[in-house]
Visitor: 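Let me begin by handing over the structure; questions about it come next.
First listed ligand is number 1; within each ligand, the first listed atom is number 1. Nothing here was measured: the structure is a model prediction, and the numbers come from that model.
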Amino acid sequence: MVLRKILTDAKIVEQKSLAKDIFLMRLHAPDIAKAAKPGNFLQVKAQRGTTLLRRPLGIAEARGDDVSLIYRKIGKGTAELAAMQEGEIVSVMGTIGNTFNLNLKKPLLVGGGMGLSPLLFYAEYMKNASVLMGARTSAELFWEELFSPFVKEIFVATEDGSKGEKGFNVAFLPKILQQGKYDGIIACGPDPMMKKAVEIAKEANIPVEVSLERRMGCGLGACLSCAIDTKSGRKKVCKDGPVFDGEEVFF
Ligand code: FES
């Protein structure tokens, strides 16, 4: 298990809306910012919140003494986070989890929706990646601006066709792979998207990693709430992941 168990109270230094119900929260957390590597996640909750369970959120940026999280308001825990103001305190556990492959020479990132968040950290850290991003609509493509300083190429697909190609991003993956000589794919997003990305990568004979998102209780490998079946047996997303060899996972 790769867990640097830092339980800390972190001050919100920036909280802004990026799109409807999507927020960026920047936290002052020097120890976590120093330890963070792309792929790691944090377990967070509002310090004065009413929810007991922490919410697992992939790290989107780690710069200087700060780490940023990008999240969608979808349940009670994230609604409590979204209601918080700059200056308030969040309880954070982390960093947790393993990392993406940091040795790729020409990675292609495949991200859908909030799955783009941990890929953003990877893009900034590596500075050699290209990204195929998928969103429901152009209103959720603030990601382009966030990724553009760090990536070689950006390919865009929206489900409603309001920007880029019309359809799911993975529909365009085979064509992109034909045009560029990528040495690895890193996918994060909805399970059907990752499943398709793994199939296509296998066909193209390119290694693929996936970052899984599962409901989590303890975040410490103790409660089994995040257990998944893989080709090498039962694994815990918090303890053995969240990054897995795509071909190992049963979607
Ligand atoms: Fe408890 Fe993973 S969250 S074992």
Side-chain angles (χ1 to χ4, degrees), residues 1-10 23 25 27 29 31-33 35-60 62 67-82 84 89-101 111-119 121-122 186-195 198 208-251:
M1 172 168 48
V2 185
L3 168 65
R4 288 158 290 279
K5 195 177 135 203
I6 302 165
L7 187 57
T8 189
D9 288 340
F23 300 85
M25 177 183 276
L27 302 170
D31 290 344
I32 289 174
K37 289 276 187 311
N40 294 163
F41 66 96
L42 304 177
Q43 288 264 74
V44 297
K45 70 183 184 90
Q47 192 193 45
R48 290 177 209 280
T50 56
T51 46
L52 291 175
L53 288 184
R54 294 167 184 276
R55 189 79 179 81
L57 294 172
I59 297 172
V67 282
S68 297
L69 305 167
I70 298 176
Y71 62 99
R72 189 190 293 274
K73 187 171 78 168
I74 41 167
K76 202 173 167 196
T78 47
E80 285 186 351
L81 292 176
M84 296 182 78
I89 304 295
V90 171
S91 173
V92 183
M93 190 172 79
T95 59
I96 308 173
N98 59 359
T99 67
F100 296 120
N101 181 347
M114 304 314 297
L116 284 156
S117 176
L119 300 182
F121 187 14
Y122 185 88
I186 297 181
C188 188
D191 277 10
M193 185 212 83
M194 292 195 284
K195 181 174 191 258
V198 170
V208 56
E209 287 185 336
V210 294
S211 178
L212 300 183
E213 190 185 341
R214 290 294 181 273
R215 284 226 160 265
M216 286 189 191
C218 65
L220 296 166
C223 75
L224 290 178
S225 64
C226 66
I228 57 160
D229 288 318
T230 73
K231 287 182 186 164
S232 22
R234 193 141 254 236
K235 304 268 181 186
K236 296 167 193 165
V237 173
C238 70
K239 176 173 167 276
D240 305 305
V243 181
F244 293 89
D245 177 342
E247 292 194 32
E248 281 281 302
V249 176
F250 295 119
F251 284 104

Visitor: Begin with the C-alpha distance, continue with both residues' side-chain angles, and end with the deciding distance and a verdict on side-chain contact (heavy atoms from CB on, under 4.5 Å) for Leu53 and Lys45.
Guide: CA-CA 7 Å; Leu53 288 184; Lys45 70 183 184 90; over 6 Å; no
Visitor: Looking at Met216, which atoms of ligand 1 are within less than 4.0 Å of one of its heavy atoms?
Guide: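 Once the distances to Met216 are compared, the set is 3 (S).
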Visitor: Within a distance under 4.0 Å of any heavy atom of Gly221, pick out the atoms of ligand 1 and give their elements.
Guide: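 Every atom of ligand 1 under 4.0 Å from some heavy atom of Gly221: 4 (S).
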Visitor: Under a 4.0 Å heavy-atom limit, does Ala227 contact ligand 1 with its side chain, its backbone, both, or neither?
Guide: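 No part of Ala227 comes within reach of ligand 1.
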Visitor: Test of understanding: given a 4.0 Å heavy-atom threshold, classify the contact between Leu224 and ligand 1 as side chain, backbone, both, or neither.
Guide: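 Just the backbone.
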Visitor: Pull out every atom of ligand 1 sitting under 4.0 Å from any heavy atom of Gly217, numbered as shown with elements.
Guide: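 This gives 3 (S) as the contact atoms.
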Visitor: Look at the aromatic rings of Phe23 and Tyr71 and report parallel, tilted or perpendicular, splitting at 30° and 60°.
Guide: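 Plane angle under 30°, so parallel.
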Visitor: Round to 10° and report the angle made at atom 1 (Fe) of ligand 1 by SG of Cys218 and SG of Cys223.
Guide: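 Computed angle, vertex at atom 1 (Fe) of ligand 1, rounded to 10 degrees: 100°.
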Visitor: Going by heavy-atom distance to atom 3 (S) of ligand 1, choose the closest among Pro56, Gly241, Gly219.
Guide: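 Result: the heavy atom closest to atom 3 (S) of ligand 1 is in Gly219.
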Visitor: Walk me through it: do Thr50 and Glu80 pass the test side-chain contact (heavy atoms from CB on, under 4.5 Å)?
Guide: CA-CA 8 Å; Thr50 56; Glu80 285 186 351; 2.5 Å; yes
Visitor: Go through the steps for Phe121 and Asn40 under the test side-chain contact (heavy atoms from CB on, under 4.5 Å), then give the verdict.
Guide: CA-CA 10 Å; Phe121 187 14; Asn40 294 163; 5.7 Å; no
Visitor: Return yes when atom CD of Glu213 has more than 12 non-hydrogen atoms of other residues, nucleotides or ligands closer than 6.0 Å, and no otherwise.
Guide: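 No, not enclosed.
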Visitor: Take atom 2 (Fe) of ligand 1 as the vertex and measure to SG of Cys226 and SG of Cys238; round to 10°.
Guide: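 About 100°, to the nearest ten degrees.
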Visitor: Is any side-chain N of the basic residue among Arg234 and Asp240 closer than 4.0 Å to the acidic one's carboxylate O?
Guide: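 Judged by the 4.0 Å cut-off on N to carboxylate O distance, Arg234 and Asp240 do not form a salt bridge.
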